[in-house]
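Since the structure comes first, as structure tokens, the remarks are kept for the end.
In this text, all values refer to a predicted model and were calculated from it rather than measured experimentally. Along the sequence shown, residues are numbered consecutively beginning with 1.
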Amino acid sequence: MWTRAELKDNAKKFFKFNYWKMVLVALVLTMVSGGGSSAGSRSARSAVNESSYGGYMSPAEAAGFMVGFLTIMLVVMVVGIAVSFFLLNPLVVGAQRFFVVSHYQKAELGELGYGFSNSYMNVVKTMFLKALYVFLWSLLLVIPGIIKGYEYRMIPYILAENPGIDSSDAFAMSKQMMDGNKWNAFVLDLSFLGWIILSMFTCGILAIFYVNPYVYMTNAELYVALKEITFGGGRAGYQSGAGYQQNYQSYQPNQGYQNGQNYQQSQNWQSDQNYQQSQNWQSDQNYQQSQNWQSDQSYQQNQNWQNDQNDQHNQGW
């Protein structure tokens, strides 16, 4: 079982080794994760300020202003959603891949574009479904939305290592990885509360240069730990960081990471067994039929041979 101290120790070690690149990627990820809504609100406020003016407006002018304002708001909303799903979400997957790769080797900034060059539409679709499901669960009550948010927490990391995975498999794998770990992950998030408060007193400077990269790397360590625990690979050497290759061998998660295939194999194993049994059953039936057919042929031959012998005997007699 993983511990918070274990994850944070590994995160600090990898963070220090690739410091400036992690700071830059964390800054991009922070802006992407929280910049969409603020940008939309700023656009809305500017539209209101530019449209408001002193003086009396007639009812017709007021109606026209409201229609224009609502139209602008709708356009801004549609554009914001499109930018979020088609541009920002693949960038989030690429940023999370950067931190996952950093567990195995020294990651490069080019990992940020991974979501755009590998199964782009599948990444967009899966991230859209993730946001949609969390939103729909949040409509019931706040608590179910939070629970589902933690249940689907591993989806960006799964896409970061296997972007072509089917959406249903990604959701099932994330659910399986977070089963029994949602509360511990919540406590892990709370453990950074002191750092976040301290960052507020430094006007966000501490967050940019230490807290945010530290948090993102710790979350990537959580993903690696849950992946190893849930789908195998063992925990040997994980605490000491023995899996971290100092010679920077090329990291190929799609070659070594086959959780999606293993998950599908586990689901289809029973089907394959049933199929083989049905094939064997048919083979046994065909074999019995062939044996019976040969027996019938042999029996008929014996009967014919005896009849021929009797006829010859009678003729001779």
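Two residues are said to be in side-chain contact when any heavy atoms from C-beta on lie closer than 4.5 Å; Met154 and Met178 meet this criterion. Within the 4.5 Å cutoff, the side chain of Val124 has heavy atoms near those of the Pro90 side chain. Residues Tyr120 and Tyr114 have side chains not in contact (no heavy-atom distance under 4.5 Å, counting atoms from C-beta outward). Put simply, the side chain of Phe231 does not reach to within 4.5 Å of the side chain of Leu226, judged on heavy atoms. Residues Pro156 and Lys130 form a side-chain contact, since some pair of their non-hydrogen atoms from C-beta on lies under 4.5 Å apart. Residues Glu111 and Val25 are not in side-chain contact: their nearest non-hydrogen atoms beyond the backbone lie 4.5 Å or more apart.
For residues 63-89, no residue pair satisfies the side chain to side chain donor-acceptor pair (under 3.5 Å) rule, not counting sequence neighbours.
Each of Phe14, Tyr223, Tyr157, Phe99 was scored for a ring-ring contact (aromatic ring centres under 6.0 Å, His included) with Tyr216, with one residue passing: Phe99.
Ring to ring, Phe128 and Phe85 are close: their centroids are under 6.0 angstrom apart.
Atoms CZ and CE, on Phe98 and Met217 in that order, are 9.0 Å from each other to the nearest 0.5 Å. Summarising the geometry, atom CG belonging to Asn212 is positioned 9.0 Å from atom CG belonging to Leu206; distances are rounded to the nearest 0.5 Å.
Formation of a donor-acceptor pair under 3.5 Å by the Thr202 side chain with backbone atoms of Ser199 is found in this model.
The two atoms that bring Leu29 and Ala95 nearest to each other are CD1-CB, 3.9 Å, heavy atoms only.
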Report all side-chain donor-acceptor pairs from residues 185-193 shorter than 3.5 Å, counting only partners two or more places apart or in another chain.
from: Asp189; atom 1: OD1; to: Arg153; atom 2: NH2; distance (Å): 3.0
from: Asp189; atom 1: OD2; to: Tyr150; atom 2: OH; distance (Å): 2.7
from: Asp189; atom 1: OD2; to: Arg153; atom 2: NH1; distance (Å): 2.9
from: Ser191; atom 1: OG; to: Lys8; atom 2: NZ; distance (Å): 2.9
from: Ser191; atom 1: OG; to: Leu188; atom 2: O; distance (Å): 2.4

Distance-only criterion, 3.5 Å: show the donor-acceptor pairs between side-chain atoms of residues 133-149 and protein atoms not counting sequence neighbours.
from: Ser138; atom 1: OG; to: Val134; atom 2: O; distance (Å): 2.7
from: Lys148; atom 1: NZ; to: Glu151; atom 2: OE2; distance (Å): 3.2

